[in-house]
Enquirer: 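There's a structure below that I have some questions on.
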Amino acid sequence: MEPIFLKPVFKQMIWGGNRLGTDFGYEIPGDDTGECWAISAHPNGDCQVKNGVYAGMSLSELWNDHRELFGNTEGDRFPLLIKLIDARADLSIQVHPNDAYAKEHENGSLGKTECWYIVDCDADAEIVIGHHAKTHEEVKEMIENKRWNEFIRVIPIKKGDFFQINPGCLHAIKGGTLILETQQNSDITYRVYDYDRLSNGKPRELHVEKSIDVIEAPFVPYQVSATKETGAGYERQNLITCDFYSVDKLELHGTVAFTQDKPFLNVSILEGDGTIDGIAIRKGDHFILPAEYGEYTLSGNMMVITSSL
């Protein structure tokens, strides 16, 4: 059994930049590359396997035809989607629906719960998380009267910060930010406000009514768990465990053996380089350790984010 390495899918965006090329060494399609779908089986970006007996197969094919690799997890689609996002400019202010709302209003799609790890950001970077309205009625009134400065909650950020974005939470990445996003396998986003920008001479579509429907009020910030496990050569922190995923940050300095006992484990190398079971890995690699992989040995100096169900 070997790790399943995946070939990323890139997305050019009005707000994208070139850091996925300069910082991660990817061959990007242009200097407006906003997203790297690193571990994805979504129809809008289905990653191909790069190595081994499944080389050339898409992740969705692997999920459909070889469910044993994923611990025979139930479901009609691979449950998670891992992205790197390079925001050169501000993203639109947006909100996601939950599963029930998306199923009813978006042709049976999953809703979107997601979380962000700040890989890097400018010294004075900020992010939009939440809003200042006290009630749902006030949400509607502030949006309809375009009271954006009073409505939108903007906070400073630094490298290494982590945010959980539940459905109903108003959010936006701002320019000068590089993040790793772990999310449900969904591409449903409602834009509330886009700074009146034009794309190809026209404003981008907004989803104001649906946004007002799903924004939760008042906003309650998520508190990141501070549980850390330290051993010889490593420190591991659980960033979040929720209904949809568990995300850990691993800082490795040396050679350490771990056990893969999850249905599957998504692994993203965000800093440094080293090996897994003797296979060379470096910043920008993303792979899946399948079910029953068992013990594995990581060696090197790396910062890694992992996710599982």
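This is a predicted model, so every value here is computed, not measured.
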Enquirer: At what distance, to the nearest 0.5 angstrom, does NZ of K146 lie from CD of E144?
Expert: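 If I round to the nearest 0.5 Å, the distance is 9.5 Å.
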
Enquirer: Counting heavy atoms not belonging to E235, are there more than 12 under 6.0 Å from its CD?
Expert: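 Check passes, neighbour count above 12.
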
Enquirer: Checking the side chain of H136 only, and the main-chain atoms of E216 only, is there a donor and an acceptor separated by less than 3.5 Å?
Expert: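 Not confirmed, H136 side chain does not pair with E216 backbone.
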
Enquirer: Would one find more than 12 heavy atoms of other residues, nucleotides or ligands at under 6.0 Å from atom CD of E68?
Expert: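 More than 12 heavy atoms, drawn from other residues, nucleotides or ligands, come within 6.0 Å of this atom.
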
Enquirer: Donor-acceptor check, side chain of Y26 to backbone of G284, threshold 3.5 angstrom: yes or no?
Expert: yes

Enquirer: Using atom types as modelled and distance alone, determine if a side-chain donor or acceptor of D46 lies under 3.5 Å from a backbone N or O of P43.
Expert: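 No: the side chain of D46 does not pair with the backbone of P43.
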
Enquirer: Just so I know, are the side chains of T33 and N18 near enough to count as touching, which here means a heavy-atom distance under 4.5 Å?
Expert: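 No, side chains not in contact.
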
Enquirer: Assess whether atom NZ of K283 is packed by more than 12 heavy atoms of other residues, nucleotides or ligands within 6.0 Å.
Expert: yes

Enquirer: Is there a donor-acceptor contact under 3.5 Å linking the side chains of Y101 and E106?
Expert: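 Not at all, the side chains of Y101 and E106 share no donor-acceptor pair under 3.5 Å.
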
Enquirer: Give the intermediate values and the outcome of side chain to side chain donor-acceptor pair (under 3.5 Å) for residues H132 and E150.
Expert: CA-CA 7 Å; H132 295 298; E150 297 163 77; over 6 Å; no

Enquirer: Any donor and acceptor pair, going by atom type alone, linking the side chain of R204 with main-chain N or O of L198 inside 3.5 Å?
Expert: no

Enquirer: Would you say R67's side chain and T73's backbone share a donor-acceptor pair under 3.5 angstrom?
Expert: yes

Enquirer: Should the pair W116 and H171 be assigned to parallel (<30°), tilted (30 to 60°) or perpendicular (>60°) ring geometry?
Expert: perpendicular

Enquirer: Determine whether K7 and C47 make a side-chain contact, defined as any pair of heavy atoms from C-beta on separated by less than 4.5 Å.
Expert: no

Enquirer: Please walk me through it: do D277 and Y293 pass side chain to side chain donor-acceptor pair (under 3.5 Å)?
Expert: CA-CA 11 Å; D277 295 335; Y293 190 92; 2.7 Å; yes

Enquirer: In this structure, are over 12 heavy atoms from other groups packed under 6.0 Å from N107 atom CG?
Expert: no

Enquirer: How are the rings of F162 and Y222 set to each other: parallel, tilted or perpendicular (split at 30° and 60°)?
Expert: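 The rings of F162 and Y222 stand perpendicular, inter-plane angle above 60°.
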
Enquirer: Is there a donor-acceptor contact under 3.5 Å from the side chain of D90 to the main chain of G175?
Expert: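 Side chain of D90 to backbone of G175: a pair is present.
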
Enquirer: Just by modelled atom types, is the I240 backbone N or O under 3.5 Å from a matching donor or acceptor in the Y245 side chain?
Expert: no

Enquirer: Would you say R19's side chain and D86's backbone share a donor-acceptor pair under 3.5 angstrom?
Expert: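 Side chain of R19 to backbone of D86, a donor-acceptor pair under 3.5 Å: no, none is there.
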
Enquirer: In terms of the angle between their ring planes, are Y193 and Y195 parallel, tilted or perpendicular, with boundaries placed at 30° and 60°?
Expert: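 Rings of Y193 and Y195: tilted, as their planes differ by 30° to 60°.
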
Enquirer: Evaluate side chain to side chain donor-acceptor pair (under 3.5 Å) for Y190 paired with E209, printing each intermediate quantity in order.
Expert: CA-CA 9 Å; Y190 297 152; E209 294 306 316; over 6 Å; no

Enquirer: May I ask you to test the F5-I288 pair for a side-chain heavy-atom distance under 4.5 Å?
Expert: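 A side-chain contact is absent here, since even the closest heavy-atom pair is not under 4.5 Å.
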
Enquirer: Over 60° means perpendicular and under 30° means parallel, so classify the ring planes of H131 and F151, tilted if in between.
Expert: parallel

Enquirer: About how many Å separate CG of L250 and OG1 of T306, when rounded to the nearest 0.5 Å?
Expert: 7.0 Å

Enquirer: Report yes if the distance between the aromatic ring centroids of F163 and Y117 is under 6.0 Å, otherwise no.
Expert: no

Enquirer: Without swapping roles, check the side chain of S40 against the backbone of H42 for a donor-acceptor pair under 3.5 Å.
Expert: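 Side chain of S40 to backbone of H42: a pair is present.
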
Enquirer: Can you establish whether the number of heavy atoms outside E27 located under 6.0 Å from its atom CD is more than 12?
Expert: no

Enquirer: Please report the shortest heavy-atom distance between Q184 and T113, naming the atom on each side.
Expert: OE1-N, 2.8 Å

Enquirer: How far apart are the C-alpha atoms of N266 and S307, what are their side-chain angles, what is the distance that settles it, and do they pass the side chain to side chain donor-acceptor pair (under 3.5 Å) test?
Expert: CA-CA 5 Å; N266 299 321; S307 59; 3.2 Å; yes

Enquirer: Hey, what do you get for CD (E2) to CG (L289), rounding to the nearest 0.5 Å?
Expert: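 Reported to 0.5 Å precision, the distance equals 11.0 Å.
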
Enquirer: If you define the side chain from C-beta out and look only at heavy atoms, does anything of V214 sit under 4.5 Å from N98?
Expert: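 A side-chain contact is absent here, since even the closest heavy-atom pair is not under 4.5 Å.
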
Enquirer: Describe, in one word, how the ring planes of W63 and F78 are oriented to each other, choosing from parallel (under 30°), tilted (30 to 60°) and perpendicular (over 60°).
Expert: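 Perpendicular.
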
Enquirer: Tell me, yes or no, whether the heavy-atom count around N149 atom CG, taken from other residues, nucleotides or ligands under 6.0 Å, exceeds 12.
Expert: no

Enquirer: Using modelled atom types and a 3.5 Å cut-off, is there a donor and acceptor pairing between side-chain atoms of N64 and backbone atoms of S60?
Expert: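 A pair under 3.5 Å: yes.
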
Enquirer: Can you hop from L180 to M303 via hydrophobic side chains spaced under 4.5 Å?
Expert: yes

